[in-house]
Amino acid sequence: MDQAAVRVTNLRKSYGEVHAVDGVTFVVPAAHVFTLLGPNGAGKTTTLEILEGIRDADEGEIEVLGQRVRRIDRTIKERMGVLLQEGNFEPYLRVKEVLRLFASFFHSPRSPSEVLREVSLEEKANAYVKTLSGGQRQRLALGVALINDPDLIFLDEPTTGLDPQARRNIWSLVTGLTDAGKTIILTTHYMEEAESLSHLVCIMDHGRLIAQGSPRELAAQLGRETLIEFVAQAGVAPSPEFLGPACKAVRRDGDLILVETGDLVATMARLLEWSAAAASPLAGMTVRQPNLEDVFLSMTGRRLRE
Ligand code: ATP
């Protein structure tokens with residue numbers, strides 16, 4: 001494997017009775033985007049906060065940037081960048097003042113103007129934080145995370161609440177960072193974000209890792225199946241037996257029926273027969289390949305965002 005930026009072995013953290021992180025092991029290769037994907041409360045933030053040095057683990061081994069550590073100290077923090085959630089900056093500071101302030105926390109920071117250029121906020125250098133749009137604030141937050149020229153960057157839900165264009169701007173900045181050799185640890189519950197950015201995804205649920213691999217490898221866990229989706233009419237769905245041996249499963253997800261098939265043509269022919277016999281139109285039908293959301297659904301019976 002490529003050089004590791006982070007290795008975590010059997011990490012555990014409980015809050016009273018809640019096992020927030022319950023024996024988690026993973027390796028983050030250098031210059032990769034490593035994503036923790038999971039629903040609310042899965043333990044992603046707790047895992048990140050331990051690696052960022054904000055919380056101590058109860059148990060487990062941690063190696064960061066080649067150093068085996070009990071807890072993350074000041075020297076390692078000099079080489080880390082952390083994206084703060086938007087809205088945390090003083091609204092009456094100007095953009096360049098925010099960057100200067102954060103630069104003052106480090107021994108050898110980058111120049112604020114260089115960072116402003118990198119996150120495309122040069123024309124906002126003198127603007128007050130309170131006048132920035134959500135996407136601009138998030139780019140400022142990313143700039144703050146980059147002010148010390150870190151090797152390892154933590155992005156905890158970097159695009160939550162952003163519109164699609166602002167989200168894509170952040171994605172292209174993230175891709176540029178790994179191209180420059182930086183390692184990114186990302187958490188998200190946006191499946192599309194995990195799919196388009198990650199080299200490696202760990203799916204987390206109830207404090208444990210339930211699957212890991214590249215987005216392609218994870219989707220391949222569902223085999224070569226194709227998914228047929230449609231809205232159930234009055235709650236009726238065909239049985240897998242009726243749809244024939246190529247049909248691997250029929251799942252229900254709210255109003256939606258998901259049919260997994262290894263032979264689209266054969267299953268579709270049976271589905272059309274069923275639709276005519278049951279007088280049930282296949283409303284809003286789509287045919288697609290499995291994605292990370294389907295992997296999660298097939299492993300847990302739940303959606304990432306409930
Ligand atoms: P989200 O996507 O909502 O941010 P998450 O995957 O990041 O969720 P965590 O925030 O790590 O999950 O929370 C994991 C579990 O630990 C949850 O059940 C949460 O309620 C609990 N928890 C987190 N922080 C604390 C705390 N300081 N005290 C008590 N329980 C906590």
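Indexing begins at 1, ligand by ligand and atom by atom, following the structure's order.
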With the threshold set at 4.0 Å, does a side-chain nitrogen-carboxylate oxygen contact exist between Arg270 and Glu273? yes
What residue and atom, counting heavy atoms only, is the protein's closest point to atom 18 (O) of ligand 1, and at what distance? Val18 CG1, 3.6 Å
Met204 contact mode with ligand 1 (heavy-atom cut-off under 4.0 Å): neither
Atom pair NE2 (His32) and CD1 (Ile184), whose distance is rounded to the nearest 0.5 Å: 12.5 Å
With rounding to the nearest 0.5 angstrom, report the CD1 to CG distance, Ile203 to Leu37. 5.5 Å
In terms of its nearest heavy atom to atom 8 (O) of ligand 1, the top option of Ala20, Gly41, Gly38 is Gly41
Lys/Arg-Asp/Glu bridge criterion (N-O < 4.0 Å) met for Arg7, Glu63: yes
Can you get from Ile257 to Leu297 by hopping between Ile, Leu, Val, Met, Phe, Trp and Tyr side chains that sit under 4.5 Å apart? no
Which atoms from ligand 1 have a heavy atom of Glu157 less than 4.0 Å away? 2 (O), 4 (O)
Atom 23 (C) of ligand 1: the protein heavy-atom neighbour that sits closest, reported with distance to 0.1 Å: Tyr15 CE1, 3.3 Å
Given 3.5 Å as the limit, does a donor-acceptor pair link the side chain of Arg139 with the main chain of Val119, or not? yes
Is the Phe89 ring parallel, tilted or perpendicular to the Phe102 ring (thresholds 30°, 60°)? perpendicular
Is there a heavy atom of Pro39 sitting under 4.0 angstrom from any atom of ligand 1? yes
For atom 9 (P) of ligand 1, closest protein heavy-atom neighbour: Thr46 OG1, 3.7 Å
Please work out, at 4.0 Å between heavy atoms, whether the side chain, the backbone, both, or neither of Thr45 comes within that distance of ligand 1. both
May I ask you to identify the nearest protein heavy atom to atom 2 (O) of ligand 1, giving residue, atom name and distance to one decimal place in Å? Lys44 NZ, 2.8 Å
